[in-house]
Amino acid sequence: MDTRVDEVADGVYRLSTFVPEIGPLGLTINQYLVTGDEPLLFHTGPRQMFPQVREAAARVIDPASLRWITFGHFEADECGSMNEWLAVAPQAEVAHGQTGCDVSLNDMADRPPRVLGDGEVIDLGGGKRVRYIDTPHTPHGWDAGVLYEESTGTLFCGDLFTQGGEAPALVERDIVGPAIAAEDVFGYSALNPAMGATIRRLAKLAPKTLALMHGPAFRGDGAAALRDLGDDYDRRTRERMAAFEAQLA
């Protein structure tokens with residue numbers, strides 16, 4: 001496996017590894033590196049993938065200069081190598097929401113994590129500012145959250161819009177259809193009545209770039225894509241509830 005490095009927005013780099021064995025089409029596992037006076041890594045990748053992700057990051061920054069480590073939720077592909085990164089970068093801190101810190105990171109991280117409130121901003125310097133947004137149970141974990149970089153309008157989506165197969169680093173095509181197809185295959189989301197509304201709330205940011213963890217980065221009308229995805233999850237929730245009620249009848 002080879003980890004590619006591509007700049008998908010100004011000072012935002014996608015580190016991407018395609019794993020053909022996952023699912024019927026294979027799956028990309030992406031990390032995103034945001035440069036600035038205090039560089040930030042969104043997703044770390046699995047622990048066993050750490051050497052190649054570190055080498056990829058070194059094409060952009062000195063890994064020892066990494067200051068912030070963040071991710072969507074506690075899961076191996078999101079944060080499996082966070083402690084390896086903490087060992088390499090002596091000034092780095094893991095940063096996440098209250099729930100993620102309370103239930104996992106206070107114990108699992110080798111250094112105490114920084115708790116981020118919903119809407120809290122970290123100024124990375126160099127014009128980069130990232131805002132943390134709680135998205136509980138969207139797409140699955142109760143500790144879920146996303147990150148929004150304000151200067152470039154980049155939303156780091158975590159597992160939202162997951163799609164199979166290998167793709168270019170940055171696309172301007174439909175990403176909702178492939179995400180719907182991936183949900184049909186994997187059924188990875190924790191369907192709940194608030195899910196559609198949570199995703200549509202993100203649309204109010206009007207992001208210019210959607211940085212997918214499993215798939216390409218997307219440039220275009222991010223708000224429309226988020227609204228369409230939220231509508232599809234509303235449909236799925238209605239259908240699931242109707243099927244459940246029919247079983248009870």
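In what follows, residues are counted from 1 in the order of the sequence shown. Just so it is clear, the values below take in all heavy atoms, side chains as well, and ignore hydrogens, waters and symmetry mates. Quick caveat: nothing in here was measured; it's all calculated off a predicted structure.
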Subject >> Hphob cluster co-occupancy, Val94 + Val88, side-chain heavy atoms under 4.5 angstrom >> reply: yes
Original post:
Within a strict 4.5 Å, meaning less than it, do heavy atoms of the Leu226 and Leu155 side chains meet?
Top reply: yes
Original post:
Can you find a heavy atom in the side chain of Leu202 that is under 4.5 Å from one in the side chain of Tyr148?
Top reply: no
Original post:
Which distance, rounded to the nearest 0.5 Å, do you find between the CG of Leu25 and the CD of Gln163?
Top reply: 10.0 Å
Original post:
Would Thr3 and Thr17 count as having a side-chain donor-acceptor pair, cut-off 3.5 Å?
Top reply: yes
**OP:** Kindly indicate whether the side chain of His137, heavy atoms from C-beta on, has any atom under 4.5 Å from the side chain of Ser189.
**Re:** no
Original post:
CD of Glu183 to OG1 of Thr162: how many Å apart, nearest 0.5 Å?
Top reply: 8.5 Å
Subject >> Least distance between heavy atoms, Ala92 atom then Leu66 atom >> reply: CB-O, 3.4 Å
Subject >> Arg4 backbone acceptor or donor facing Ser16 side chain under 3.5 Å >> reply: no
Distance-only donor-acceptor hits, side chain of residues 40-49, under 3.5 Å, sequence neighbours excluded:
residue : atom : partner : partner atom : Å
His43   : ND1  : Asn30   : O            : 3.1
His43   : NE2  : Glu78   : OE1          : 3.3
Thr44   : OG1  : Gly80   : N            : 3.4
Thr44   : OG1  : Ser81   : N            : 3.2
Thr44   : OG1  : Ser81   : OG           : 3.2

Original post:
Applying the 4.5 Å side-chain criterion to the ILVMFWY set and letting contacts propagate, would Val146 and Phe74 be lumped into a single cluster?
Top reply: no
Subject >> Results of ring pair (Phe, Tyr, Trp, His ring centres under 6.0 Å) for Trp68 - residues two or more places apart only >> reply: none
Original post:
Judged by atom type as modelled, is there a donor-acceptor pair below 3.5 Å linking the side chain of Tyr32 to the main-chain atoms of Val8?
Top reply: no
Original post:
For Leu229 and Ala179, which heavy atoms make the closest approach, and how far apart are they?
Top reply: CD1-CB, 4.2 Å
Original post:
Would you say Glu149's side chain and Arg129's backbone share a donor-acceptor pair under 3.5 angstrom?
Top reply: yes
**OP:** For the pair Ser65 (side chain) and Asp62 (backbone), establish whether a donor and an acceptor sit closer than 3.5 Å, ignoring hydrogens and angles.
**Re:** yes
Original post:
What's the shortest heavy-atom distance between Leu210 and Gly222, and which atoms?
Top reply: CD1-CA, 4.0 Å
Subject >> Check: Asp143 side chain, His73 main-chain N or O, donor-acceptor pair, under 3.5 Å >> reply: no
Subject >> Any residue meeting ring pair (Phe, Tyr, Trp, His ring centres under 6.0 Å) with Tyr13, in chain and number order, not counting sequence neighbours >> reply: none
Original post:
Would you call Arg236 and Asp184 a salt bridge, using N to O less than 4.0 angstrom?
Top reply: yes
Subject >> Leu147-Val60 co-clustered via ILVMFWY side chain contacts under 4.5 Å >> reply: no
Original post:
Do the side chains of Asp118 and Ile133 get nearer than 4.5 Å, heavy atoms only?
Top reply: yes
Original post:
What are the two closest heavy atoms between Ala95 and Leu116, and how far apart are they?
Top reply: CB-CD1, 3.7 Å
Original post:
How long is the span from the CG atom in Asn192 to the NE2 atom in His140, to the nearest 0.5 Å?
Top reply: 12.5 Å
**OP:** Compare every heavy atom of Glu120 with every heavy atom of Val115, then report the nearest pair and how far apart it is.
**Re:** O-OE1, 3.8 Å
Subject >> Contacts of Phe18 that satisfy ring pair (Phe, Tyr, Trp, His ring centres under 6.0 Å) - sequence neighbours left out >> reply: none
Under 3.5 Å, side-chain donor or acceptor atoms of residues 237-249 against the rest of the protein: list the pairs with distances, not counting sequence neighbours.
residue : atom : partner : partner atom : Å
Thr237  : OG1  : Tyr233  : O            : 2.9
Glu239  : OE1  : Arg235  : NH1          : 3.2
Glu239  : OE2  : Arg235  : NH1          : 3.2

Original post:
Between the side chain of Gln52 and the main-chain N/O of Ala56, is any donor-acceptor distance below 3.5 Å?
Top reply: no
**OP:** For the residue pair Pro178 and Phe161, establish whether any side-chain heavy-atom pair is separated by less than 4.5 Å.
**Re:** no
Original post:
So, does Asp102 use its side chain to make a donor-acceptor pair with the main chain of Gly100 at under 3.5 Å?
Top reply: no
Original post:
Under 4.0 Å between a Lys/Arg side-chain N and an Asp/Glu carboxylate O for Asp234 and Arg200?
Top reply: yes
Subject >> From CG (Leu105) to CZ (Arg111), nearest 0.5 Å >> reply: 13.5 Å
Original post:
Does Arg67 reach the side chain of Glu93, with side-chain heavy atoms less than 4.5 Å apart?
Top reply: yes
Original post:
In terms of hydrophobic clusters joined by side-chain contacts under 4.5 Å, are Leu212 and Ile29 together?
Top reply: no
Subject >> Asn106 side chain near Pro112 side chain, heavy-atom distance below 4.5 Å >> reply: no
Subject >> Results of ring pair (Phe, Tyr, Trp, His ring centres under 6.0 Å) for Tyr132 - residues two or more places apart only >> reply: His96
Original post:
Is the shortest heavy-atom distance from the side chain of Asp232 to the side chain of Val176 under 4.5 Å?
Top reply: no
**OP:** Give a yes or no answer on whether the side chain of Asp134 reaches the backbone of Pro136 with a donor-acceptor pair at less than 3.5 Å.
**Re:** no
Original post:
So, the side chain of Arg131 versus the backbone of Glu150: is there a donor-acceptor pair under 3.5 Å, distance only?
Top reply: no
Subject >> Nearest heavy-atom neighbours spanning Asp123 and Glu38 >> reply: O-OE1, 4.0 Å
Original post:
Same cluster for Leu170 and Met213 if Ile/Leu/Val/Met/Phe/Trp/Tyr side chains link at under 4.5 Å?
Top reply: no
Original post:
Do Tyr188 side-chain atoms and Pro139 backbone N/O form a donor-acceptor pair below 3.5 Å?
Top reply: no
